Amino acid sequence: MKRLLIAALTVAGLAAALPAAAQFQKPEDAVKYRKAAYTVMAAHFGRIGAMAQGRVPFDAAAATANADIVVVMSKLPFAGFVEGTSGTEKGAPKTNVWSERAKFDEGAKAMQDEVVKLAAAARGGNLDQLKAAFGNAAGSCKSCHDNFRNP
Ligand code: ASC
């Protein structure tokens, strides 16, 4: 139990000054919080994707600024996965987020590591490296979606 708690605190990082449930008044607040965090993260990740996919010109400074926001945002959603907040609607977390929490937390950590690499690639100013890092980061998003999110 103690080891689990330490692992959870490590993964949630900044957001984990308190056990997850204690950070929110109501379960709905936790759901709102994690959705908001993902919304902001996706907006900034998407701006980098537009460059990686050639829809907008590559601008290393803009990519870096966006990636730095993604790095911060990537730490936030996980405290919002309070037990009992699964759902059946499209995009909602499945119950295995909690029954396989260690695997879920590993996926979260993998994504957090990939977006740190994305920020480094953005700083490097090389579009091919940015494309590769973006692909890896997107893959780490998708892997959790495939395992833990309702299609
Ligand atoms: C995005 C976004 C996600 C991921 C995912 C990658 O831009 O909003 O959730 O990439 O689609 O497969």
Side-chain angles (χ1 to χ4, degrees), residues 1-53 55-56 61-123 130-151:
M1 190 56 216
K2 194 163 169 219
R3 272 177 45 209
L4 255 184
L5 182 62
I6 289 167
L9 291 177
T10 305
V11 166
L14 266 182
L18 290 167
Q23 298 184 54
F24 302 100
Q25 299 266 342
K26 298 175 294 194
E28 309 88 88
D29 293 345
V31 173
K32 225 197 265 183
Y33 176 90
R34 73 189 183 218
K35 284 185 176 175
Y38 282 128
T39 298
V40 174
M41 181 161 66
H44 292 275
F45 189 63
R47 290 173 200 168
I48 302 168
M51 294 182 208
Q53 290 153 12
R55 284 182 279 119
V56 308
T64 300
N66 283 305
D68 286 346
I69 294 169
V70 173
V71 168
V72 172
M73 297 314 296
S74 74
K75 299 176 186 175
L76 301 186
F78 303 100
F81 284 85
V82 170
E83 181 108 43
T85 57
S86 64
T88 51
E89 70 278 15
K90 180 176 163 21
K94 298 194 280 196
T95 54
N96 66 341
V97 167
W98 295 275
S99 62
E100 300 178 70
R101 186 76 200 213
K103 183 179 168 190
F104 180 73
D105 289 345
E106 266 174 41
K109 175 75 166 65
M111 179 277 287
Q112 289 162 339
D113 290 348
E114 292 301 342
V115 300
V116 167
K117 292 182 204 164
L118 177 63
R123 279 197 164 71
L130 183 86
K131 285 182 185 174
F134 180 82
N136 290 338
S140 71
C141 301
K142 183 174 187 301
S143 138
C144 264
H145 295 165
D146 290 350
N147 285 316
F148 294 106
R149 189 177 76 159
N150 288 328

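Quantities reported herein were computed from a predicted structural model and do not represent experimental measurements.
Atom NZ of Lys94 sits about 9.0 Å away from atom CD of Glu100, to the nearest 0.5 Å. Here the CG-CZ distance, from Asn147 to Phe104, works out to 10.5 Å after rounding to the nearest 0.5 Å. Between Ser143 atom OG and His145 atom NE2 the span is 9.5 Å, to the nearest 0.5 Å. One distance of note links OH of Tyr33 with OG1 of Thr85; it measures 13.5 Å at 0.5 Å rounding. In this structure, CG on Asp113 lies 6.5 Å from NZ on Lys117, to the nearest 0.5 angstrom. Rounding to the nearest 0.5 angstrom, the gap separating the CD atom in Gln112 from the CZ atom in Phe78 is 5.5 Å.
Between Phe81 and Val97, the shortest heavy-atom contact is CD2-CG1, 4.0 Å. Closest non-hydrogen pair, Glu114 versus Ala137, comes out as CB-CA, 3.8 Å. Closest approach of Pro77 to Met41, counting heavy atoms only: CG-CE, 4.4 Å. Of all the heavy atoms in Ala133 and Ala121, the pair that sits closest is CB-CB, 3.8 Å.
A 4.5 Å side-chain heavy-atom check between Asn150 and Lys90 finds every atom pair outside the cut-off. Within the 4.5 Å cutoff, the side chain of Arg149 has no heavy atoms near those of the Cys144 side chain. Side-chain contact between Met73 and Phe45 is absent, with no heavy atoms from C-beta onward closer than 4.5 Å.
Ionic pairing of Lys103 and Glu106 is not present here: no N-O contact between side-chain nitrogen and carboxylate oxygen is shorter than 4.0 angstrom.
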Test Val31 against Lys35 for side-chain contact (heavy atoms from CB on, under 4.5 Å), laying out the working first. CA-CA 6 Å; Val31 173; Lys35 284 185 176 175; 3.9 Å; yes
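In this structure Glu83 satisfies the side-chain contact (heavy atoms from CB on, under 4.5 Å) test together with Trp98, sequence neighbours excluded.
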For residues 61-71, please give each side-chain donor-acceptor pair under 3.5 Å, one per line with the distance, not counting sequence neighbours.
from	atom 1	to	atom 2	distance (Å)
Thr64	OG1	Ala60	O	2.7
Thr64	OG1	Ala122	O	3.4
Thr64	OG1	Arg123	N	3.4
Asn66	OD1	His44	ND1	2.9
Asn66	ND2	Ala62	O	3.0
Asp68	OD1	Arg123	NH1	3.1
Asp68	OD1	Arg123	NH2	3.4
Asp68	OD2	Arg123	NH2	2.7

